[in-house]
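Notes follow once the structure below has been shown.
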Amino acid sequence: MNQLNAPQARAVRFVDGPCLVLAGAGSGKTSVITRKIAYLIEDCGIPARNIAAVTFTNKAAREMKERASKLVKGKASRGLIVSTFHNLGLRIIRAEYKKLGLKAGFSIFDSEDARAVLKEIMLRNNDLDTDLLDRVQNQISTWKNDLVTPEQALQMVQSPGEEAFARIYLGYDQALNAYNALDFDDLIGRPVQLFSDQPDVMARWQQRVRYLLVDEYQDTNNSQYRLVKQLVGDRHSLTVVGDDDQSIYAWRGANPENLNQLQQDFPTLTVIKLEQNYRSTSRLLRAANHLIQFNPHVFDKTLWSDLGLGEPIRVLRCANDEVEAERVATEILHQRLGRGIKFRDFAVLYRGNHQSKLLELKLQQHQIPYNISGGTSFFARSEIKDIMAYLRLVVNPDDDNAFLRIVNTPRRQIGTSTLQTLGQYASQREISLYAAAHEFGLQQQLPAQAMQRLQKFVDTLENTRRACEEHDPVRILRELVDEIDYEGWLHQNASSGKVAERRMENVHFLLGSIQKMLDKDEDDSMDLQAAISKLILQDLLDRQEEEDLSDRVQLMTLHAAKGLEFPHVFVLGLEENILPHANAVAEGNVEEERRLAYVGITRAQKTLTLTLAAKRKQFGEVLETTPSRFLDELPQEDLIREGFGEESSPERNKDRASATLANLRDLLA
DNA sequence: AATCCTGGAGTTTTT
DNA sequence: CTCCAGGATT
């Protein structure tokens with residue numbers, strides 16, 4: 001406890017009621033949460049199994065779990081729940097699935113699976129263009145986040161267009177039901193629905209979770225907040241940690257209003273601010289504070305640090321986008337040579353992924369090693385999706401989506417016409433494709449050979465399913481992968497043997513991960529079904545180790561940088577229409593863009609360099625750009641501008657600022 | 001099944 | 001301009 005500053009310690013010790021910790025960037029919020037967990041267990045005598053800490057990402061959960069178990073001695077931390085919202089939802093659903101009308105072995109659809117279902121429905125209805133797919137998917141997600149059922153959506157609609165969306169929503173939910181499947185949003189929505197329908201079930205979970213902590217609270221959406229309130233009940237044993245200035249996910253349903261809502265929902269709420277920053281120089285914090293003041297605030301806070309004034313912020317205006325990238329590359333080389341800074345201590349942040357392209361090119365030219373975070377996730381890889389589809393189907397025969405993905409992968413000469421007949425038959429009888437493939441009635445409608453092939457496929461899976469119940473499931477799964485000669489299929493398809501080998505490695509890695517999960521068997525009885533559904537929520541790509549070991553410049557979007565810190569930071573493209581992004585300006589949501597810039601600035605520990613291009617190639621033509629309004633919102637005396645016509649120094653900037661002020665006064669007079 | 005062609009879009013992303 | 005998806009072509 002003596003490693004904490006006063007407000008941190010107060011936040012840890014305060015347990016008599018709901019507590020909101022407004023934790024500014026770099027103010028040690030994870031320490032507060034983990035120490036509070038330890039305090040609850042060791043000093044308040046609350047058993048670990050009755051404490052739950054909820055985060056948004058697996059990474060954050062992992063880190064928190066590690067740090068918490070280091071603080072709590074021995075086995076006292078056993079049973080502690082540290083998980084993502086979605087994992088907590090899954091835990092509840094797994095325990096209560098019968099009450100939700102689900103069958104054992106239910107599948108979880110990721111957004112790609114969900115997309116496929118939606119597309120199918122839209123094609124069937126053929127009243128909607130498939131370019132609306134993304135919008136439909138978004139709308140459905142929004143509805144689910146707001147706990148609006150398809151029926152309610154149909155009642156609410158105000159235009160034929162909206163009605164069409166709502167009808168698809170209805171069809172989509174029915175399809176998920178038929179497939180015995182849930183989507184990501186359901187993992188939150190279904191427990192909430194269950195809790196409000198059956199208070200006795202809710203009461204049971206309230207007893208299980210006697211103290212709840214929520215990290216990154218500003219990122220919660222409506223259904224997540226609802227779940228929090230339900231779990232907390234009227235006990236009010238709740239600590240949430242968040243920073244309204246770092247709310248950058250409103251576009252995907254996060255509702256930072258939830259921070260203010262808290263005060264209404266919990267009138268006895270105690271608010272504790274953490275304003276001391278342990279990351280950045282005071283000049284960087286001054287700039288960050290100055291910028292964010294342009295946003296309205298319910299809770300004011302001012303970050304400070306005692307890490308010294310530090311260097312001014314440099315603003316480099318380059319001739320064009322190419323020069324901008326080139327400049328960053330050479331700048332990194334210079335700093336490395338001149339000041340002995342390692343590559344890994346630099347991060348280059350940008351608004352959109354495409355902005356990395358030019359930079360990558362330049363970094364390669366200068367042979368600067370770099371790392372881009374935010375590639376395709378492990379589960380987006382085709383080989384993983386294939387094998388997962390096999391596993392899903394073994395566990396959940398109703399999963400038509402999985403069936404369709406693998407029925408002809410590897411090739412079994414089961415073509416579109418066979419599948420069409422099968423599909424028709426199945427929907428007539430209202431059974432799954434898998435079940436339909438077993439039925440004798442189908443024999444009359446299909447050529448003998450096609451029927452045989454289908455049968456063989458289904459038999460293989462059926463045998464696997466049975467064998468898994470009696471033997472070591474992972475062994476059986478390996479045998480399945482052998483039997484279908486997946487490796488052969490990979491080699492046949494991949495452009496090179498090396499690629500195929502890599503993919504096969506991924507498959508083995510996946511199976512290994514399942515093995516690990518089954519072996520661990522930590523909280524509840526972990527079976528194959530549980531392992532599979534849990535795996536889908538987890539990003540297995542622990543490239544982390546590779547990244548950490550190697551000396552590479554870090555490239556990522558501003559969004560991806562949240563929660564991270566780097567000694568030396570570059571932020572690219574401080575231009576109108578990039579940061580703030582054109583769409584955000586059009587939608588009148590500059591505030592979130594400002595927070596994005598704020599997140600960027602507060603990532604830096606020692607130096608910050610902001611760049612922009614005077615001209616930028618866009619959609620094939622070269623356009624003049626306008627410097628970002630955010631540059632004007634920084635304290636000019638902390639900036640060194642370069643490339644703005646007149647060279648400038650902090651003093652000159654001060655003059656500039658007072659000159660504009662004088663002009664303004666003249667104008668007003 | 002592989003390849004070519006065309007059209008359209010062109011933020012941010014986790015689970 | 002560049003990338004992707006989807007469709008058509010071979």
Side-chain angles (χ1 to χ4, degrees), chain A residues 54-61 83-90 93 108-115 119 123 129-135 137-138 141 144-145 182-189 215-216 219-221 223-224 246-254 321-322 349-358 361 373-380 408-411 413 415-416 489 492-493 495 533-541 556-563 573 577-587 589 592-593 595-597 599-600 616-623:
Chain A
V54 187
T55 66
F56 277 85
T57 64
N58 287 305
K59 201 176 148 196
S83 79
T84 61
F85 265 105
H86 293 265
N87 239 322
L88 179 65
L90 175 62
I93 292 170
I108 294 167
F109 283 6
D110 65 19
S111 14
E112 218 182 302
D113 296 318
R115 206 182 138 90
K119 196 168 164 189
L123 285 173
D129 225 329
T130 42
D131 7 314
L132 290 170
L133 225 168
D134 286 330
R135 251 189 280 167
Q137 197 171 10
N138 256 326
S141 183
K144 288 198 174 193
N145 284 167
L182 299 168
D183 65 19
F184 283 142
D185 295 323
D186 290 334
L187 293 177
I188 315 294
D215 189 20
E216 300 281 13
D219 288 342
T220 52
N221 63 33
S223 56
Q224 285 161 338
Q246 291 187 72
S247 160
I248 53 175
Y249 285 114
W251 53 273
R252 69 170 195 220
D321 45 355
E322 215 185 315
L349 312 180
Y350 36 79
R351 177 64 233 256
N353 280 310
H354 64 278
Q355 287 177 268
S356 71
K357 281 216 89 199
L358 260 178
L361 198 75
S373 77
T376 37
S377 95
F378 187 76
F379 283 97
N408 205 28
T409 308
R411 303 268 165 249
Q413 290 146 64
T416 41
W489 155 254
Q492 209 182 326
N493 276 70
S495 52
S533 46
K534 237 182 144 166
L535 266 178
I536 295 176
L537 294 182
Q538 240 158 70
D539 200 2
L540 289 178
L541 250 200
M556 67 190 80
T557 63
L558 287 162
H559 283 91
K562 193 172 83 156
N577 298 329
I578 292 188
L579 185 62
H581 193 276
N583 295 355
V585 177
E587 289 162 23
N589 191 12
E592 180 147 320
E593 300 293 305
R595 291 192 289 268
L596 211 40
V599 166
R616 191 173 287 275
K617 209 178 193 179
Q618 217 172 16
F619 309 149
E621 53 185 341
V622 179
L623 296 173

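Not measured: the values here are computed from a predicted model. Within every chain, numbering begins at 1; the chains are lettered A, B, ... in the order of the sequence lines, protein sequences first and strands thereafter.
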- With no angle test and no hydrogens, is the base of B/dT15 tied to the side chain of A/Ser111 by a donor-acceptor pair under 3.5 Å?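 By the distance-only test, yes, there is a pair.
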Is a salt bridge present between A/Glu593 and A/Arg351, judged by a nitrogen-to-oxygen distance below 4.0 Å?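 A salt bridge links A/Glu593 with A/Arg351.
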With P as the reference atom in both, quote the distance from C/dC4 to B/dT13 in angstrom, rounded to an integer.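 Roughly 15 Å separates the two P atoms.
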Determine the interatomic distance between P on C/dT2 and the same-named atom on B/dT11; round to the nearest Å.
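That atom pair is separated by 15 Å.
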Which nucleotide, [options], lies nearest any side-chain atom of [X]?
X        : options                : answer
A/Thr84  : B/dT12, B/dT11, B/dT15 : B/dT15
A/Asn353 : B/dT14, C/dG6, B/dT13  : B/dT13
A/Arg351 : B/dT15, B/dT13, B/dT11 : B/dT11
A/Asn583 : B/dT15, B/dT12, B/dT11 : B/dT11

#### Entry: Nearest-nucleotide 5' precedence on DNA chain B, A/His354 against A/Asn87
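On the 5' side of the pair lies A/His354.
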* To do: For A/Phe619, answer base if it contacts any base atom (sugar-phosphate contacts may also be present), sugar-phosphate if it contacts only those atoms, and nothing otherwise; contact means non-hydrogen atoms under 4.0 Å.
  =>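 Base, at least one base heavy atom under 4.0 Å.
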### Message
Using a heavy-atom cut-off of 4.0 Å across all strands, would you classify A/Gln224 as base, sugar-phosphate, or nothing?
### Response
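Here A/Gln224 touches no strand at all.
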### Query
Looking only at heavy atoms, which two atoms of A/Ser111 and A/Gln137 are closest? And how far apart?
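In terms of heavy atoms, the two residues are closest at O-NE2, 3.0 Å.
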Could you tell me how the ring of A/His86 sits relative to the ring of A/Phe184: parallel (under 30°), tilted (30 to 60°) or perpendicular (over 60°)?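 Because their plane-to-plane angle is over 60°, the rings of A/His86 and A/Phe184 count as perpendicular.
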Tell me whether the rings of A/Trp251 and A/His559 are parallel (<30°), tilted (30 to 60°) or perpendicular (>60°).
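It falls in the perpendicular class, over 60°.
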Would you say [X] places a side-chain N or O within less than 4.0 Å of OP1 or OP2 belonging to [N]?
X        : N      : answer
A/Lys119 : C/dA5  : no
A/Asn58  : B/dT15 : yes
A/Lys357 : C/dC3  : yes
A/Thr557 : B/dT13 : yes

